[in-house]
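Data first, discussion second: the structure below is written as C-alpha cells.
The structure displayed is predicted, hence computed values, not measured ones.
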Amino acid sequence: MQQKVRFQIEGMTCQACASRIEKVLNKKDFVESAGVNFASEEAQITFDDSKTSAADIAKIIEKTGYGAKEKTEDTLPQPEAEHHIGWRLWLLLAINIPFLIGMAGMMIGRHDWMIPPVWQFVLASIVQLWLAIPFYKSAWASIKGGLANMDVLVTIGTVSIYLYSVYMLFFSPHAAHGMAHVYFEVGVMVIGFVSLGKFLEHRTKKSSLNSLGLLLKLTPTQVNVQRDGKWKQLPIDQVQIGDLIRANHGERIAADGIIESGSGWADESHLTGESNPEEKKAGGKVLAGALMTEGSVVYRATQLGSQTLLGDMMNALSEAQGSKAPIARVADKAAAVFVPTVVGIALLTFIVTWLIKGDWTVALMHAVAVLVIACPCALGLATPAAIMVGMGKAVKHGIWFKDAAAMEEAAHVDAVVLDKTGTLTEGRPQVAAVYCVPDSGFDEDDLYRIAAAVEQNAAHPLARAIVSAAQARGLDIPTAQDAQTVVGAGITAEVEGVGLVKAGKAEFAELTLPKFSDGVWDIASIVAVSVDNKPIGAFALADALKADTAEAVGRLKKHNIDVYIMSGDNQGTVEYVAKQLGIAHAFGNMSPRDKAAEVQKLKAAGKTVAMVGDGINDAPALAAANVSFAMKGGADVAEHTASATLMQHSVNQLADALLVSQATLKNIKQNLFFAFFYNILGIPLAALGFLNPVIAGAAMAASSVSVLGNALRLKRVNIE
C-alpha cells in the first residue's frame with residue numbers, strides 16, 4: 001500500500017544536497033517518488049509500506065550524511081529558535097578584520113597595512129585547519145554520495161590557495177628573500193563571506209520566508225481553565241478536550257470550541273482572510289487563534305492542537321510549502337551537473353591562463369575565482385523561496401493550496417468556471433412562490449410538510465430553505481425512510497403516511513409547470529414534488545447575489561480571465577444571474593457529467609481552466625479542471641478533489657488565489673533569471689581575471705541572499 005511520509009532534513013548546504021538525497025531515494029524500488037525542498041528543508045516521500053517503513057527511509061537519508069526527523073499530522077510545527085551568530089562565525093569574522101584592513105590599504109597603495117606574512121599564515125591556518133572543517137565534512141560527504149555540492153567548490157578553491165601560499169612562504173626560492181607572494185587573505189575571506197552568507201540565508205529561510213512562525217504565535221501559551229470549580233492559569237499543553245476556558249478582551253482563543261456563556265466579537269482573519277470581526281455568543285463556535293476584540297467568553301474545548309482548524313491549516317501549509325513546483329525541475333537539472341561543470345571550467349581556466357600568461361600564480365587565482373563565484377544555491381532557492389512566500393501570502397488571504405504544483409498551474413488560468421448556488425449567490429435561497437397542482441388532493445401546508453420530510457435528508461441550500469420554511473410555519477414534518485440522492489436530479493424517500501416522494505428538478509418529479517404571470521418563476525430555482533410519481537406542486541426559490549460577486553467578476557475580467565457559469569438550475573435563472581454580472585457564457589440545466597464535459601471542451605480549446613464549487617455534484621468538474629477550488633465547509637468530496645480550498649465562500653477569494661499565483665510564478669521566473677544570469681556573467685568574468693577570489697566569494701554569498709530578498713518582495717505585492 002502506498003504511504004506518504006514527510007521528513008525535516010538537517011545538514012543541507014545547497015540544492016545539490018537536496019538533489020543527492022532525491023537521487024538516492026528514487027533509486028530504491030520501494031520508493032514511488034521522492035522530492036526534497038532545499039528552501040523548506042523538507043523531504044516528501046511516497047513509498048510501499050509493505051516493503052519498508054518510515055524509520056528505514058530515515059536511516060537511508062542519514063547514511064547519505066543528513067539528519068532526518070519525521071513530521072506527522074498529529075503534532076503542530078514547532079517554533080523556530082532564534083538564529084544568532086554562533087561563536088564559530090564570530091571568531092571567523094574577527095579573524096577577517098585584519099585582512100579586510102590590509103585589503104583596504106592595498107587599494108590605496110598602503111601595503112604596510114597588511115599584517116606580516118607569518119601572522120597571515122597563523123590566522124589562515126586557524127581558519128583552514130579548524131574553522132573550515134564543516135565545509136570539508138560536507139564536501140567529503142557530498143563526494144561520497146556521488147553528487148558534488150557548493151562546499152566542494154569552496155573547499156577546492158580555498159585549500160588550493162592556502163597550500164599555494166604556504167609553499168610560497170616557506171619553500172619557494174623567493175621565500176628566503178622575503179619576496180614571496182602569498183594570498184592567505186583569499187582563503188580566509190572567502191570562508192568568512194560564504195559562512196556569513198550561509199547564516200543570512202538560513203535565517204531568512206527559517207524566519208522570513210516561512211509563515212508558520214507567525215501562525216504559531218496565534219496560540220496562547222497560558223490559558224484560564226476551570227478546574228475543580230476554580231479558574232487556574234495553565235500551560236496550553238495541559239488543556240484537555242472538554243475543559244472550560246475563558247478568553248477575555250485582547251486574548252486569543254486556545255482551542256476550537258463551543259461557547260457556554262458570555263458574548264463578544266472575535267477576529268478570525270488568520271483563517272478566513274476576512275478582517276471583519278465575527279459576533280460570538282452562547283452556543284456559537286470559536287476557533288483557535290482568534291483574537292477577542294471585544295467582550296469575554298467561556299467556551300468548552302472540542303478540538304486541540306493539530307486537530308483544530310488552525311492546526312490543520314499549519315500542517316497543510318507546512319506540507320504545501322515543502323512540495324516542489326514543476327518549474328523547479330529546470331533548476332534541479334542545472335544543479336545536478338553544475339558543480340562538475342564548474343570544476344571543469346576552473347581547470348580549463350587554469351590551463352589556458354597559464355599558457356597565455358605564462359604565470360601559474362595568475363592562472364591559479366583565476367581558477368579559484370571561478371570556483372568561488374559559482375553559486376548553485378541561488379539556483380536551488382529560486383523556486384522554493386518564492387513558493388514559500390507565495391503560500392504564506394495565500395494563507396493570509398484565506399486560501400489553502402494543496403501543493404506547489406497547484407499554485408503554479410493556477411498562475412496559468414485564463415478561464416474560470418463557477419457554480420451558481422453558494423458560489424455566486426449567498427447560497428441561502430428563500431421560498432419566493434409556491435404552486436400546488438389543482439385537484440392533487442394536497443394543499444400548500446401539505447406540500448411544505450411532504451417536501452421538508454424528504455429534503456431534510458439533503459445538504460443542498462435549496463433543500464435547507466424548504467425545511468426552514470416548513471419549520472417557520474410550525475408544521476409537523478413526517479418521518480422519511482430510505483432516502484436516496486439521484487445526483488444532478490433530486491432526492492427520493494418513503495414518507496410515512498404519504499408514499500414514495502420525489503423532490504428535485506421538474507422533469508424528475510414529472511411536473512410540467514404552467515405559464516405564470518409572476519416573473520419570479522422565470523428566474524428562480526425550481527424544486528418540484530411528486531407522490532407516487534404524480535406531481536403535486538413546486539417551489540420557486542430565489543437566491544441573492546453575494547455582495548462582492550460583481551467586484552470579483554470584474555477583477556477576473558480585468559486580468560483577461562474568461563468567466564463561465566455552469567449550474568444545474570434552469571437556463572432562465574442562470575442567464576438572469578449572468579446578465580446581472582456581465583458574464584457572457586452561462587449554461588443551465590447541467591448535470592455533473594455535463595459540467596465535466598464542458599470543462600474538457602474548454603481545455604481542448606486551449607484554455608487553462610479553474611473550477612469553483614462546493615457540492616457533491618461539482619466533484620467531477622473539479623477533477624476535470626486544470627486547477628480546482630472548493631469552498632471550506634462544503635461537501636467533503638469537493639474539498640478532497642480540489643487543488644485548493646477557499647476559507648470564505650467568495651469569488652473574490654478565488655481572484656486573490658489566481659493573482660497571488662501569478663505574482664508567485666513571476667517571482668520564480670525573476671529568481672531563475674537572476675540565478676542563471678549571475679552564473680553566466682560571473683563565471684566568465686572570473687575566468688578572464690576581472691574578479692579576484694575575494695570579490696567572487698562575496699558575490700557568491702550575496703547571490704543567494706539576493707534571491708531570497710526578491711522572494712520576500714512577494715509579501716508586499718499588490719494583487720488588486
Requested in this report: Determine, stepwise, if the pair V660 / M407 fulfils side chain to side chain contact (heavy atoms under 4.5 Å, CB included).
Outcome: CA-CA 9 Å; V660 166; M407 174 172 265; 4.1 Å; yes
Query - I45 and I61: CA distance, side-chain angles, deciding distance, side chain to side chain contact (heavy atoms under 4.5 Å, CB included) verdict - result: CA-CA 11 Å; I45 302 143; I61 296 173; 4.2 Å; yes
Requested in this report: Assess whether side chain to side chain contact (heavy atoms under 4.5 Å, CB included) is satisfied between F629 and W400, documenting all intermediate values.
Outcome: CA-CA 9 Å; F629 297 85; W400 299 8; over 6 Å; no
Query raised in the report: Going through the checks in order, is the side chain to side chain contact (heavy atoms under 4.5 Å, CB included) test met by T158 and F135?
Result: CA-CA 10 Å; T158 58; F135 285 89; over 6 Å; no
Query raised in the report: Going through the checks in order, is the side chain to side chain donor-acceptor pair (under 3.5 Å) test met by S53 and D56?
Result: CA-CA 5 Å; S53 66; D56 290 335; 3.2 Å; yes
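Of all heavy-atom pairs spanning E408 and I327, the tightest one is OE1-N, 2.9 Å. In plain terms, the two heavy atoms of L25 and A34 that are nearest each other are CB-CB, 3.7 Å. Taking both residues in full, the closest heavy atoms of G390 and L714 are given as N-CD1, 4.0 Å, listed atom of the first, atom of the second, then distance. A642 approaches S628 most closely through the heavy-atom pair CA-OG, 3.1 Å. Scanning both residues, S661 and A411, for their nearest heavy atoms gives O-CB, 3.3 Å. Closest approach of M189 and N96 over heavy atoms only: CA-OD1, 3.1 Å.
The shortest side-chain heavy-atom distance between V368 and Y164 does not fall under the 4.5 Å cut-off. Counting heavy atoms from C-beta outward, L123 and F99 have side chains that approach closer than 4.5 Å. The shortest side-chain heavy-atom distance between R88 and P134 falls under the 4.5 Å cut-off. Between Q128 and I191, some side-chain heavy-atom pair lies under the 4.5 Å cut-off. Using a 4.5 Å heavy-atom threshold, the side chains of I668 and L672 count as touching. Contact annotation: the side chain of Q662 never approaches that of L665 to less than 4.5 Å [non-hydrogen atoms, C-beta and beyond]. The shortest side-chain heavy-atom distance between F47 and Q3 falls under the 4.5 Å cut-off. Between V395 and F401 the shortest side-chain heavy-atom distance does not fall below 4.5 Å.
Taking the centre of each ring, Y136 and W140 stay at or above the 6.0 Å mark.
With respect to the salt-bridge test (charged N to carboxylate O, under 4.0 angstrom), the residues E10 and K69 do not qualify.
No side-chain donor-acceptor contact under 3.5 Å links K393 to the backbone of T664. Side-chain N or O atoms of N692 include none that pairs as donor or acceptor with a backbone N or O of M365 at under 3.5 Å. The closest donor-acceptor contact from the side chain of Y678 to the backbone of I373 lies under 3.5 Å. Side-chain N or O atoms of E185 include none that pairs as donor or acceptor with a backbone N or O of L100 at under 3.5 Å. Checked by atom type and distance alone, the side chain of D414 never pairs as donor or acceptor with a backbone atom of K607 at under 3.5 Å. For Q44 (side chain) and K4 (main-chain N/O), no donor-acceptor pair under 3.5 Å exists by modelled atom type. A donor-acceptor pair under 3.5 Å links the side-chain atoms of N671 to the main chain of A382, judged by distance alone. Without hydrogens or angle criteria, N626 side chain to V609 main chain gives a donor-acceptor distance under 3.5 Å.
Sparse packing is recorded around NZ of K28, with 12 or fewer heavy atoms of other residues, nucleotides or ligands lying under 6.0 Å away. Heavy-atom neighbours of F690 CZ from other residues, nucleotides or ligands within 6.0 Å: at or below the threshold of 12. Around the CH2 atom of W360, the shell of radius 6.0 Å holds more than 12 heavy atoms that belong to other residues, nucleotides or ligands.
Distance check: I97 CD1 to L92 CG gives 11.0 Å after rounding to the nearest 0.5 Å. The structure places CE of M388 at 9.0 Å from CD of E42, a figure rounded to the nearest 0.5 Å. With rounding to the nearest 0.5 Å, the separation of CG in L131 from OG in S125 is 11.0 Å. The CZ atom of F338 sits 8.5 Å away from the OG1 atom of T341 when rounded to the nearest 0.5 Å. Rounding to the nearest 0.5 Å gives a distance of 5.5 Å between OG1 of T361 and CE of M168. To the nearest 0.5 Å, the span separating CG on N710 from CG on N667 amounts to 4.5 Å.
Taking the six-membered ring for Trp and thresholds of 30 and 60 degrees, F121 and Y162 have nearly parallel ring planes, at less than 30 degrees apart.
Screening L348, L355, T349 against V352 for a side chain to side chain contact (heavy atoms under 4.5 Å, CB included) leaves a single residue, L348. Put simply, the residue from V159, V152, V154 that forms a side chain to side chain contact (heavy atoms under 4.5 Å, CB included) with I156 is V152.
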